[in-house]
Amino acid sequence: MALLTQAPKGTQDVLPQESYKWQYVEQLTMEIAKLYGFQEMRVPTFEHTELFNRSVGDTTDVVQKEMYTFLDKGNRSITLRPEGTAGMARAAIQNGLLNGALPVKVSYNVSCFRYEKPQAGRLREFHQFGAEVYGSDSPACDAEVIAMVHEIFDTLGVKDLTLELNSIGCPTCRAEYHKALIAYFKAHQEKLCETCLGRLEKNPMRILDCKSPVCAEIAKDAPKVLDYICDDCKSHFEGLKNRLDSLKIPYIINPNIVRGLDYYTKTVFEFVTNSIGAQGTVCGGGRYDGMIEQLGGPKLAGIGFAMGLERLIKVMEASGAEFPQRTPCTIYIGSIGEEASVKAFALVNELRKEGFYAECDTVGRSVKAQMKYADKLGCQFSCILGDNELAAGKALVKNMSTGETKEVAFDDLVDFIYDEQVSVITCGIEQANITEEK
Ligand code: HAM
């Protein structure tokens with residue numbers, strides 16, 4: 001029975017009393033992205049497994065251990081997306097988006113799936129807001145993307161986030177760096193954990209990211225990537241820093257940021273916080289200049305980021321950020337008897353068409369219970385229709401906070417509500433009602 005009433009481990013329900021926070025965050029991130037020229041793209045939840053093997057990389061933890069992969073009934077290997085970047089790139093290539101004017105900028109809100117050990121801030125199904133830019137290898141583009149993330153956090157009222165930057169170089173200079181890392185870690189290999197031993201030859205940079213205290217201690221003195229990057233990568237990194245400085249966006253250089261996905265080149269970055277527990281990386285991103293070509297697309301640079309919405313909402317709460325109030329019910333129109341109930345239903349419908357949140361009885365409650373319910377909804381106004389009101393064509397409308405009452409003709413009810421300047425609902429977010437909008 002528990003299987004019927006328990007969600008799978010690592011998943012989370014967003015309850016009605018919390019969903020307004022999600023709507024706010026999803027809407028605002030997309031709105032800000034529009035100011036930076038991004039347009040939403042939607043792609044399937046699952047892709048061919050090969051897409052993630054190729055892009056995310058088959059030496060990564062995500063591909064090796066965390067993907068939800070299954071054979072479909074046609075015997076194809078299918079994977080629920082563990083992140084958004086690969087599917088976006090696939091869709092951009094497949095639909096010829098990269099053949100027109102560049103850069104192409106896309107944004108997305110997606111659910112992602114990773115079979116990780118669930119803990120606070122780490123889920124098996126989670127949600128990302130992300131954005132990708134295709135077709136610019138300029139550091140101006142890195143700066144633009146990072147400035148947008150900074151602006152989003154700022155607008156949402158997030159505090160105590162640090163931007164950490166690094167450059168992991170291009171394939172040419174990284175080859176030299178890998179050699180130096182392998183030599184360094186080989187000298188300590190008897191102390192490395194099992195996982196890092198496996199990473200030593202194939203992906204030595206991932207050892208820098210290991211959470212085991214022994215490996216972390218060894219990694220402290222490992223060669224630093226910024227000492228190995230070529231002149232081109234160095235000047236790219238300088239170009240980015242100059243632009244962030246010009247916008248007064250604070251950052252620290254963290255040479256241990258390597259990111260957990262294989263496609264990155266040059267710039268990598270994370271926005272981290274200490275205020276939401278161990279899983280403090282709210283946003284991660286970077287450049288991936290070889291990935292589009294590797295997937296069979298044109299030779300185009302790429303850069304992007306994704307922020308986890310569960311972590312974003314947590315850090316907003318920890319920052320005391322304000323979420324817009326849930327829209328309260330404007331008016332409850334109660335009724336006594338069938339005829340009055342039909343009239344109440346019609347009036348409520350009329351008000352809803354005007355953008356007001358209105359309610360009437362759909363349960364068959366007593367008048368007393370209807371009023372109790374209206375109170376629970378936090379209605380701004382209420383009235384009761386009975387035989388007398390129907391005969392007179394008007395009702396006594398009560399302002400629930402002041403207790404004042406006013407007789408209002410049914411035909412004037414919409415005008416009355418407008419004149420009272422109560423809120424209307426626009427795209428799910430409450431806005432002040434403006435009389436001229438009538
Ligand atoms: P990522 O660092 O793997 O990067 O994930 C981005 C964000 O998703 C993380 O910073 C975190 O907030 C959230 N996240 C990741 N895993 C979990 C989880 N198990 N539970 C809850 N939240 C999680 C990417 O996914 C890249 N695609 C970002 C990117 C876009 N790079 C370039 N373009």
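In listed order, ligands and their atoms are each counted from 1.
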Practice task
Check whether the ring centres of Phe269 and Phe305 lie less than 6.0 Å apart, and answer yes or no.
Solution key: no
Handout entry: Min N/O separation Tyr288 to ligand 1 under 3.5 Å
Key = no
Practice task
Could you tell me whether some N/O pair between Leu123 and ligand 1 is separated by less than 3.5 angstrom?
Solution key: yes
Completion exercise
among protein heavy atoms, the one nearest atom 13 (C) of ligand 1 is Gly308 CA, 3.6 Å
Problem - Arg114 to Tyr68 six-membered ring, cation-pi geometry met (6.0 Å, 45°) - result: no
Fill in the blank from the handout: From the list Glu50, Glu47, Glu132, salt bridge (charged side-chain N to carboxylate O under 4.0 Å, His left out) with Arg90 holds only for Glu47
Problem - Option nearest atom 5 (O) of ligand 1 (shortest heavy-atom distance, choices Gln128, Gln279, Glu310) - result: Gln128
Problem - Exam field: side chain Glu164 to backbone Asn254, donor-acceptor pair closer than 3.5 Å - result: no
Practice task
Show which atoms of ligand 1 fall inside a sub-4.0 Å distance from at least one heavy-atom site of Gly284.
Solution key: 10 (O), 28 (C), 29 (C)
Practice task
Would you mind reporting whether Glu116 and Pro82 have side-chain heavy atoms less than 4.5 Å apart?
Solution key: no
Practice task
Between Leu261, Val56, Thr281, flag the one that comes closest to atom 9 (C) of ligand 1 by a heavy atom.
Solution key: Thr281
Practice task
Compute both the distance and the angle, then confirm whether Arg81 meets the cation-pi test with Phe113: under 6.0 Å from the six-membered ring centre, within 45 degrees of the axis.
Solution key: no
Practice task
Run through Val268, Ile252, Leu244 and flag the one making a side-chain contact (heavy atoms from CB on, under 4.5 Å) with Leu165.
Solution key: Leu244
Completion exercise
If you scan protein heavy atoms around atom 14 (N) of ligand 1, the nearest is Phe126 CE1, 3.4 Å
Practice task
Measure the distance from atom 30 (C) of ligand 1 to every protein heavy atom, then report the residue, atom name and distance (to 0.1 Å) of the closest one.
Solution key: Thr85 OG1, 3.0 Å
Handout entry: Sidechain N-carboxylate O distance under 4.0 Å for Asp61, Arg206
Key = yes
Fill in the blank from the handout: Logged contact type for Arg124 with ligand 1, heavy-atom cut-off 4.0 Å, is neither
Problem - Selection from Phe113, Phe305, Tyr263, Tyr115 by shortest heavy-atom distance to atom 26 (C) of ligand 1 - result: Tyr263
Problem - ligand 1 contacted by Cys283 (non-hydrogen, < 4.0 Å) - result: yes
Problem - Side-chain donor/acceptor of Arg54 to backbone N/O of Leu295, under 3.5 Å - result: no
Practice task
List the closest protein heavy-atom neighbour of atom 1 (P) of ligand 1: residue, atom name, distance to the nearest 0.1 Å.
Solution key: Arg259 NH2, 3.5 Å
Problem - Atoms of ligand 1 close to Glu132 [distance to a heavy atom under 4.0 angstrom, numbered from 1] - result: 30 (C), 32 (C), 33 (N)
Problem - Closest to atom 27 (N) of ligand 1 among Glu83, His127, Glu125 (heavy-atom distance) - result: Glu83
Handout entry: Options Gly285, Pro82, Gly121, ranked by nearest heavy atom to atom 21 (C) of ligand 1, top entry
Key = Gly121
Exercise for the section: Compute the centroid of each ring, for Tyr332 and then for Phe381, and state whether the two points are separated by less than 6.0 Å. Expected result: no
Practice task
May I ask you to decide if Pro223's main-chain N or O and Tyr177's side chain share a donor-acceptor pair within less than 3.5 Å?
Solution key: yes
Practice task
For ligand 1, indicate whether the residue Arg122 contacts it via side chain, backbone, both or neither (heavy-atom separation under 4.0 Å).
Solution key: both
Practice task
Measure the distance from atom 19 (N) of ligand 1 to every protein heavy atom, then report the residue, atom name and distance (to 0.1 Å) of the closest one.
Solution key: Glu116 OE2, 2.7 Å
Practice task
Just need the protein heavy atom nearest to atom 3 (O) of ligand 1, so name the residue and atom and give the distance.
Solution key: Arg114 NH2, 2.9 Å
Exercise for the section: Please round to the nearest 0.5 Å and tell me the distance separating atom OG1 of Thr267 and atom CD1 of Ile146. Expected result: 6.5 Å
Exercise for the section: For Asp142 and His236, test the side chains for any donor-to-acceptor distance below 3.5 angstrom and give the result as yes or no. Expected result: yes
Completion exercise
Note: ligand 1 atoms sitting under 4.0 Å from heavy atoms of Val282 are 10 (O), 12 (O)
Practice task
Identify the protein heavy atom lying closest to atom 31 (N) of ligand 1, giving its residue, its atom name and the separation to 0.1 Å.
Solution key: Tyr264 OH, 2.6 Å
Exercise for the section: Specify the protein heavy atom at minimum distance from atom 7 (C) of ligand 1: its residue, its atom name, and the distance to 0.1 Å. Expected result: Ala306 O, 3.6 Å
